[in-house]
A.B. asks: 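Quick one: the structure is below, and I'll ask about it shortly.
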Amino acid sequence: MLMKILIVEDEITIARFLKSGLESEAYVVDLAIDGQQGSFLARTNAYDLIILDYHLPKQNGLTVIEEIRQERKTPILMLTVCGDPSRKIEAFKLGADDFLTKPFLLDELLWRVYALLRRPPTWQANLLKVDNLLLDLTQHSAKNHGRPLNLTRKEYCLLEYLMRHQGEISSREIIMENVWDMNMDPFSNTLDTHILNLRRKLKAAGGKNLIHTFPGRGYKLATKRF
Ligand code: CA
């Protein structure tokens, strides 16, 4: 499942390290560098998870949790340098779901993220299939006619999104909102380029064209255009 995560962290090296670590696991990641921005983004976007630093400029982590909880139930994983249990308890009371003390291993963070996002098995299938195209959600890999497709991370995310909405026309705006982070320029041709590359790779693996363009309306992944 395509998951969108918000990181609120003012230490830019940690923030970048987390972002790239999560992106390599095919999460879509937005970044906020202070409490105010974090609180705003968390309340105005549909994230699946928020990773929130305790000490933040402009507004501290506890205030951010309070504000988010007035409007949303998004799981919150809190980062802290302090082992003081009373602080953690306070954060839990306000609505934090989990804690991680710095310094931590990326692996531990990824497992906590995975645990917080865990869904009942019926909700989460491991494979998506359309025609001869097969997407493995645990391996983040795709095959067409049994041949592996060598996809970039973004191409994979885009393909996953289109496959989850197979048979529907998805607008450019919706696709970009779900597959790219907020730094994506909505007027750039990045989406078109990714669609072209996906089509080319699917074709090279011997498949027919499954991604159809509807000018002015968007894209649809289906075995037939209509
Ligand atoms: Ca900090």
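The chain is numbered in sequence order, starting from 1. Whatever order the structure lists ligands and atoms in, that order sets their numbers, starting from 1.
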A.B. asks: Can you give the donor-acceptor pairs under 3.5 Å from side chains of residues 8-17 to other protein atoms, not counting sequence neighbours?
C.D. replies:
| from | atom 1 | to | atom 2 | distance (Å) |
| --- | --- | --- | --- | --- |
| Glu9 | OE1 | Lys102 | NZ | 2.9 |
| Glu9 | OE2 | Glu11 | N | 2.9 |
| Glu11 | OE2 | Lys102 | NZ | 3.1 |

A.B. asks: Under 6.0 Å from the six-membered ring centre of Tyr27 and within 45° of its axis: does the NZ or CZ of Arg153 meet both?
C.D. replies: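 Geometry flag: not set, cation outside 6.0 Å or 45°.
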A.B. asks: Taking ring pair (Phe, Tyr, Trp, His ring centres under 6.0 Å) as the test, write out the residues that go with Tyr47, two or more places apart.
C.D. replies: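 Partners of Tyr47 by the ring pair (Phe, Tyr, Trp, His ring centres under 6.0 Å) criterion come out as none, since no residue qualifies.
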A.B. asks: What's within reach of the Ca ion (ligand 1), meaning protein N/O/S atoms under 3.0 Å?
C.D. replies: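 As for protein N, O or S atoms lying under 3.0 Å from the Ca ion (ligand 1), they are Asp10 OD1, Asp53 OD2, His55 O.
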A.B. asks: Side chains of Gln59 and Glu67 only: does a donor on one sit below 3.5 Å from an acceptor on the other?
C.D. replies: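 Side-chain D/A pair, Gln59 to Glu67: present.
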A.B. asks: Considering residues, nucleotides and ligands other than Lys203, do more than 12 of their heavy atoms fall under 6.0 Å from its NZ?
C.D. replies: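 For Lys203, atom NZ is not crowded (no more than 12 foreign heavy atoms under 6.0 Å).
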A.B. asks: Can you list the residues that meet the ring pair (Phe, Tyr, Trp, His ring centres under 6.0 Å) rule with Phe92, with sequence neighbours excluded?
C.D. replies: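 Applying ring pair (Phe, Tyr, Trp, His ring centres under 6.0 Å) to Phe92 gives Phe99.
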